[in-house]
Amino acid sequence: MTDRGYRQRVYRVVRQIPPGRVATYGQVARLAGGCTPRMVGFAMASVTEHDAVPWHRVLNSRGEVSERSAGDGAARQRRLLRAEGVRFDRRSRLDLDEVGWLPRG
DNA sequence: AGATTGACTGCAT
DNA sequence: CATGCAGCCAATC
């Protein structure tokens, strides 16, 4: 019962990202272990309110919100991040050195 | 069972 | 800085 599947491992990691901070898909994948950035993206796509996972705090390695193939998720994500005080630059990107999550730090 | 797709990443051009 | 390509692996058709 220790292994609940890669999605639960990913969720557990993402839940540790504090408000106002962000992590990249690759970073989450590495911390969760045994999964790739793409799997993290897929796991985020299947998150529901009931999971209580701050999916909006996960961005791509360039520090920008990844566009979806469908839906307005990206816009909602940017709005949620701004609500946490995250500042985007002119290109809708943010500075990972400034708001990037430093695990255990 | 094989092909395609995707909220990715790193390296090369 | 923009594009392209290979590697990645679960989910879907």
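Every chain is numbered from 1, with letters handed out A, B, ... down the list of sequences.
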Exercise. Would you please name every residue forming a side-chain hydrogen bond (donor to acceptor under 3.5 Å, both in side chains) with A/S69, sequence neighbours left out?
Key: none
Using a 3.5 Å cut-off and no angle test, enumerate the donor-acceptor pairs between side-chain atoms of residues 97-105 of chain A and protein atoms at least two apart in sequence or in another chain.
none

Practice problem: For A/Q27, check side-chain hydrogen bond (donor to acceptor under 3.5 Å, both in side chains) against everything at least two apart and list the hits. | Solution: none
Quiz item: Does A/F42 have any side chain to side chain contact (heavy atoms under 4.5 Å, CB included) partners at least two apart in sequence or in another chain, and if so, which?
Solution: A/Y6
Side-chain atoms of residues 83-94 of chain A: list all donor-acceptor pairs with protein atoms under 3.5 Å, sequence neighbours left out, distances to 0.1 Å.
{"residue": "A/E84", "atom": "OE1", "partner": "A/G20", "partner atom": "N", "Å": "3.0"}
{"residue": "A/E84", "atom": "OE1", "partner": "A/R57", "partner atom": "NE", "Å": "3.2"}
{"residue": "A/E84", "atom": "OE2", "partner": "A/H56", "partner atom": "NE2", "Å": "3.1"}
{"residue": "A/E84", "atom": "OE2", "partner": "A/R57", "partner atom": "NE", "Å": "3.1"}
{"residue": "A/E84", "atom": "OE2", "partner": "A/R57", "partner atom": "NH2", "Å": "2.7"}
{"residue": "A/D89", "atom": "OD1", "partner": "A/R91", "partner atom": "N", "Å": "2.8"}
{"residue": "A/D89", "atom": "OD1", "partner": "A/S92", "partner atom": "N", "Å": "3.2"}
{"residue": "A/D89", "atom": "OD1", "partner": "A/R93", "partner atom": "N", "Å": "2.8"}

Distances for protein N/O vs nucleotides 11-13 of chain B N/O pairs under 3.5 angstrom?
none

Exercise. Go through the structure and list residues passing side-chain hydrogen bond (donor to acceptor under 3.5 Å, both in side chains) with A/S66, not counting sequence neighbours.
Key: A/N60
Self-check item: Closest approach of A/P54 to A/I17 (non-hydrogen atoms, all atoms of both residues)
Solution: CG-O, 4.4 Å
Quiz item: Looking at A/S69, does any N or O in its side chain come under 4.0 Å of the phosphate oxygens OP1/OP2 on B/dA7?
Solution: yes
Exercise. Pull out every residue in residues 53-62 of chain A that has a heavy atom closer than 4.0 Å to any atom of DNA chain B, ordered by number, or say none.
Key: A/W55, A/N60, A/S61
Self-check item: Spacing between A/R68 atom CZ and B/dA7 atom P, to the nearest angstrom
Solution: 8 Å
Exercise. State which residues pass salt bridge (Lys or Arg N to Asp or Glu O under 4.0 Å) with A/R62; sequence neighbours excluded, sorted by chain then number.
Key: A/E64
Self-check item: salt bridge (Lys or Arg N to Asp or Glu O under 4.0 Å) partners of A/R78, counting only residues at least two apart
Solution: A/E67
Quiz item: Separation of A/M44 atom CE from B/dT9 atom C1', in whole Å?
Solution: 17 Å
Exercise. Would you indicate what A/R91 reaches in the nucleic acid, counting non-hydrogen atoms under 4.0 angstrom: base, sugar-phosphate, or nothing?
Key: sugar-phosphate
Are any protein N/O atoms closer than 3.5 Å to N/O atoms in nucleotides 7-13 of chain C? If there are, list each pair with its distance.
{"residue": "C/dA11", "atom": "OP1", "partner": "A/R7", "partner atom": "NH2", "Å": "2.4"}

Practice problem: Identify, with sequence neighbours excluded, every residue that meets side-chain hydrogen bond (donor to acceptor under 3.5 Å, both in side chains) alongside A/R30. | Solution: none
